[in-house]
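Here is the structure we will look at, set down as structure tokens.
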2 protein chains.
Amino acid sequence: MKIGEFARKLGVSTDTLRYYEKHGLLTPSSRSQSGYRIYTDTDIKQMSFILRAKNVGFSLSEIKELLQIKIHKDQHSCHEVKEMTLQKRDLVAQRIEELTRFYDSLSLLAKKCCGGEEPAENCSILTTLEDIDGLTH
Amino acid sequence: MKIGEFARKLGVSTDTLRYYEKHGLLTPSSRSQSGYRIYTDTDIKQMSFILRAKNVGFSLSEIKELLQIKIHKDQHSCHEVKEMTLQKRDLVAQRIEELTRFYDSLSLLAKKCCGGEEPAENCSILTTLEDIDGLTH
DNA sequence: CTTGACCTTAGGGTGTACTCCAAGGTTTAT
DNA sequence: ATAAACCTTGGAGTACACCCTAAGGTCAAG
Ligand SMILES: [Zn+2]
Ligand SMILES: [Zn+2]
Ligand SMILES: [Zn+2]
Ligand SMILES: [Zn+2]
């Protein structure tokens with residue numbers, strides 16, 4: 001499919017796709033005789049991967065590194081490729097851990113509030129926010 | 001403490017701190033007679049909160065919204081404040097879910113690789129990466 | 001065979017989040 | 001008292017990730 005249809009399917013702009021190509025994140029599978037970009041289902045999968053990674057806070061250069069796993073093919077051993085994958089996975093695990101602490105902070109915060117209709121001036125939620133780091137330890 | 005010491009403690013630049021103040025993320029507790037910014041332990045807690053949020057991929061404007069919980073004091077009821085906190089918490093939960101899918105993708109990928117010393121040319125990890133979305137469904 | 005919807009590249013503009021001066025005032029140490 | 005090490009504001013510059021426009025080529029429908 002051409003760039004317009006592909007962009008609509010993925011919910012991004014054609015400009016974004018050209019930008020990603022220029023920066024080595026997603027090169028369309030081929031070009032038509034007239035030079036049009038041709039995207040395939042494989043490209044949809046890779047683009048979905050990119051968008052999910054972006055959504056959880058990875059920068060484009062970090063995502064590019066994640067995709068490098070694919071590019072190292074013949075220059076590297078299975079061992080190296082596996083190591084790299086596990087290393088990236090650990091990075092994700094760290095983020096999950098931090099986010100979980102964050103989630104717990106907000107949960108505790110909510111728990112401390114009565115949720116009533118009175119003005120929140122003396123609400124413990126507000127006085128506790130300053131201690132949010134203390135809450136999680 | 002003054003801005004330099006505070007910056008060193010938190011591992012950021014003084015420029016960043018002035019930038020955050022200008023954009024409403026962290027206003028130092030007070031100023032000295034000569035106009036120097038004076039930061040306290042409370043400011044350390046708030047800044048740690050900001051940095052943790054940044055680390056897990058929140059933008060500064062999102063973080064500002066998170067901190068609004070504190071600012072709404074007398075204008076809002078306990079009910080509203082609690083709702084806001086829970087809503088922010090759900091946003092964090094969504095991110096955790098996405099990151100977890102991501103983690104599973106990379107785990108499955110690693111599992112498919114023998115990890116041996118031969119060139120990775122025929123490594124299933126590389127042929128599977130294109131199918132990474134399929135892996136998680 | 002022309003209209004309109006698509007596509008191409010090149011290059012400029014925007015918002016975010018810093019980062020780096022410049023010119024000057026303050027504080028501490030010798 | 002004067003240097004060194006802080007601090008102040010204002011404004012300019014940078015990197016990232018787009019976003020938009022211009023000028024033109026391609027292609028299916030009427
Ligand atoms: Zn309350
Ligand atoms: Zn209450
Ligand atoms: Zn392998
Ligand atoms: Zn192998």
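Every chain is numbered from 1 and lettered A, B, ... according to where its sequence line falls, protein lines coming before strand lines. These numbers come from the heavy atoms of this one structure, side chains and all, not from hydrogens, waters or symmetry mates.
OP1 or OP2 of dT8(D) sits under 4.0 Å from a side-chain N or O of Arg37(B). In this model, the phosphate group of dC18(C) is not approached by any side-chain N or O of Ser13(B) to a distance below 4.0 Å at OP1 or OP2. At the phosphate of dC18(D), OP1 or OP2 sits under 4.0 Å from a side-chain N or O atom of Lys54(A). Considering only side-chain N and O atoms, Tyr20(A) lies nowhere under 4.0 angstrom from the phosphate OP1 or OP2 of dA17(D).
Note on Ile3(A): it clusters hydrophobically with Leu10(A), by side-chain heavy-atom contacts below 4.5 Å among ILVMFWY residues.
Between the side chain of Asp90(B) and the main chain of Gln87(B), no donor-acceptor pair closer than 3.5 Å is present.
Between His23(B) and Glu5(A), the residue anchored nearer the 5' end of DNA chain C, judged by the nucleotide with its closest heavy atom, is Glu5(A). Where Asp15(A) and Arg8(B) meet DNA chain D, the nucleotide closest to each residue was compared, and Arg8(B) sits on the side nearer the 5' end. Mapped onto DNA chain D by nearest heavy atom, Ser34(A) and Tyr36(B) fall at different nucleotides, with Tyr36(B) at the one closer to the 5' end. Map Gln33(B) and Leu60(B) each onto its nearest nucleotide of DNA chain C; the residue landing nearer the 5' end is Leu60(B).
Rounding to whole angstrom units, CZ of residue Arg18(A) and C1' of dA22(D) are separated by 13 Å. Rounded to whole Å, atom C1' of dA17(D) lies 12 Å from atom CE of Met47(A). Atom OH of Tyr19(B) is separated from atom C1' of dA15(D) by 13 Å (rounded to the nearest Å). Separating the CG atom of Leu51(B) from the C1' atom of dC18(C) is a distance of 13 Å, rounded to the nearest angstrom. Protein atom CD1 of Ile3(A) is 13 Å distant from nucleotide atom P of dC6(C), rounded to whole Å. Nucleotide dC6(C) holds its P atom 19 Å from the CZ atom of Arg31(A), rounded to whole Å. As rounded to whole Å, 13 Å separates atom P of dT26(D) from atom NZ of Lys2(A). Atom CD1 of Ile38(B) is separated from atom P of dC6(D) by 15 Å (rounded to the nearest Å).
Within 4.0 Å (heavy atoms only), Ser59(A) reaches sugar-phosphate atoms of the nucleic acid but no base atom. Using a 4.0 Å heavy-atom distance criterion, Lys22(B) is classed as making no nucleic acid contact.
Residue-environment remark: CD (Glu21(B)) exceeds the threshold of 12 foreign heavy atoms within 6.0 Å.
The two residues Tyr19(A) and Leu60(A) have their closest heavy-atom pair at CE2-CD1, 3.6 Å.
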> Where do Arg101(A) and Asp104(A) land on the salt bridge (Lys or Arg N to Asp or Glu O under 4.0 Å) test, with the steps shown first?
Replying inline: CA-CA 5 Å; Arg101(A) 282 185 60 203; Asp104(A) 292 342; over 6 Å; no

